[in-house]
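Here's the structure we're looking at; comments come further down.
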Amino acid sequence: MKYDFSDNIQRGILFLAKYSKDFYLQISSLVKPEYFEYPIHSNFYKAITTYYEDYHDIPKDLHLLECIKSYKGTNEDLSDYDDEMVRINTMDASCVGHNDFFLDLIEKFAQRAAMKDAITNSIALLKDDRMGDIEILVREALSINRNVDLGQAYFKGVLDRFERSLNENSGNRHPLVFDTLNRELEGGLSAKELAMVVAPPGVGKSLYLVNQGVQALMQNKKVLYISLEMSEDKIAARFDSVMTLIAQKNLKGSLGLLQKRLGLFNEKFPKGQLMIKEFPTGLANINDIRSLLVQLHNYEEFIPDVILIDYLELLRPTRDGLAEYQAQQRISEELRGLAVESEVLVWTATQTNRQGRAVKLITDSELADAYGKIRTCDYAISLNQTEEEFDEGQMRCYVMKSRNGKQRFVVPLAIDYSTLTMSECDPYETTE
């Protein structure tokens, strides 16, 4: 895809890019070397980009021509670049005062170029049925712009910041299942955050996510539960028990009672909505989730407030060839990116290493090389349970990480394995 620029417009861009560091930095995220019509101009811009990446400065003409030696084709003569450099340097210097004209022009053509590239690349992806990857290509093309967001002026923004804080605390929080945790978080977690529940296999990570989903429904939130291991019907049956307090073993014979209690729940929390989606284990990645969000919006007018993903290790990173611990960190980063761009709270579950079964209290030490996966998250708790506690229907919640509240403390819990409900109970003796 080439820019539909006149020769002098292309030369003007190159002139400004090597004349003004500020101008180059404003266009560096929009312009790619291949967008220029002629290879000479493309190589000039590639040399400017490479030099800046290596030395954090704009190259002088001598440096620029030296860099170009490694880019020019074997049939190209360096004298052609010398001649073109002269043409670029003889541009009317008055164009320096019209940076905005060039910036507006670049933005327009960058958007068109990116969309054409996305459509072209989508043809091959469509053949492989990679719809999620197509969606992200189009999303990225549509997002290209040079909107200026300079951040927050600290001293000027005190009132606005205070009002945002009040609004956040008054109704935009997402409470957790346990009151003690909510008190320490001033009401709960917020949109654009990533939270994790950590435990060895079989301790209750998925049960916690279901209880957390019901808690969100009771706040009249829209909840999306993504299962990467269990069927949609089995996850729905867990929600059945937690919402209606009908024991799992009695669900099949209690259709009338189930419908009655779900109706009462829905009447009490009429805005609460739940969607459950199963993806094949180990095959879905973040782009598939993005694609699902688009489809839910288009077909169901459903935009979730909370996304529950069960669980992290069963997602596939968008980048192949990573070691397991790198892949887990990458997935965690992608989940937090999803939380920010979609303005939702994302909860996921993740497993400990083998040592997690041998300790009485799971801390970040039981993540070993995979510690990077909680480095990105905003909040992380671990579920801890001995054999004796399992027999008594008890466990302990340990706050491993909290960006916005107290951390490294224990909350004693009770779990009813018939209805799958979790609750906070009176303190009892715990030791690390």
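Computation of the quantities below employed the complete heavy-atom set of this structure, encompassing side-chain atoms and omitting hydrogens, waters and symmetry-equivalent molecules. FYI, the numbering just counts along the sequence from 1.
Y371 places none of its side-chain heavy atoms less than 4.5 Å from the side chain of Y325. For the pair S28 and F23, the minimum side-chain heavy-atom distance is 4.5 Å or more. You'll find the side chain of K222 stays beyond 4.5 Å of the side chain of V306, heavy atoms only. With a 4.5 Å cut-off on side-chain heavy atoms, L315 and F279 do not count as touching. Using a 4.5 Å cut-off on side-chain heavy atoms (C-beta onward), M218 and F265 make contact. Using a 4.5 Å heavy-atom cutoff, the side chains of L312 and S332 are in contact. Side-chain contact between P201 and Q351 is present, with heavy atoms from C-beta onward closer than 4.5 Å. A 4.5 Å side-chain heavy-atom check between F239 and V214 finds at least one atom pair inside the cut-off.
Ion pair D364/R408 flagged as a salt bridge, since at least one NZ, NE, NH1 or NH2 atom sits closer than 4.0 Å to an Asp/Glu carboxylate oxygen. Ion pairing between a basic and an acidic side chain is recognised when a charged N comes within 4.0 Å of a carboxylate O; K192 and E341 show no such pairing. Salt bridge D378/R336: present, at least one basic N to carboxylate O contact under 4.0 Å.
Checked against the 6.0 Å centroid criterion, the rings of H297 and F302 do not qualify as a close aromatic pair. Ring centroid separation for the pair Y24 and Y52 comes in under the 6.0 Å cut-off.
Going from atom SG of C67 over to atom CG of D54 covers 8.0 Å, rounded to the nearest 0.5 Å. For the atom pair CD1 (I68) and CE (M85), the distance works out to 5.5 Å, reported to the nearest 0.5 Å. From D240, atom CG reaches atom CD of Q248 across 8.0 Å, with rounding to the nearest 0.5 Å. E278 contributes atom CD, which lies 7.0 Å from atom OG1 of T281 (distance to the nearest 0.5 angstrom). From Q215, atom CD reaches atom CH2 of W347 across 11.0 Å, with rounding to the nearest 0.5 Å. Rounding to the nearest 0.5 Å gives a distance of 9.5 Å between OH of Y379 and CD of Q407.
Because its NZ or CZ atom is not both nearer than 6.0 Å to the ring centre of F15 and within 45° of the ring axis, K18 does not count as a cation-pi partner of that residue.
Listed for the S42 side chain is no donor-acceptor partner under 3.5 Å among the backbone atoms of Y38. A donor-acceptor contact shorter than 3.5 Å links the side chain of N384 to the backbone of I362. Side-chain atoms of D288 come within 3.5 Å of backbone atoms of N285 as a donor-acceptor pair (strictly under, hydrogens ignored).
Annotation for K21: atom NZ counts as buried by contact number, over 12 foreign heavy atoms lying within 6.0 Å.
Shown are E334, Q328, Q326, E333; of these, the side-chain hydrogen bond (donor to acceptor under 3.5 Å, both in side chains) with R330 is made only by E334.
The aromatic rings of H41 and F36 lie perpendicular to each other, with more than 60° between the two planes, well past the 30° mark.
When every heavy atom of L64 is checked against every heavy atom of A47, the shortest pair comes out as CD1-CB, 3.5 Å.
When only modelled atom types and interatomic distance are considered, D310 and S206 share a side-chain donor-acceptor pair under 3.5 Å.
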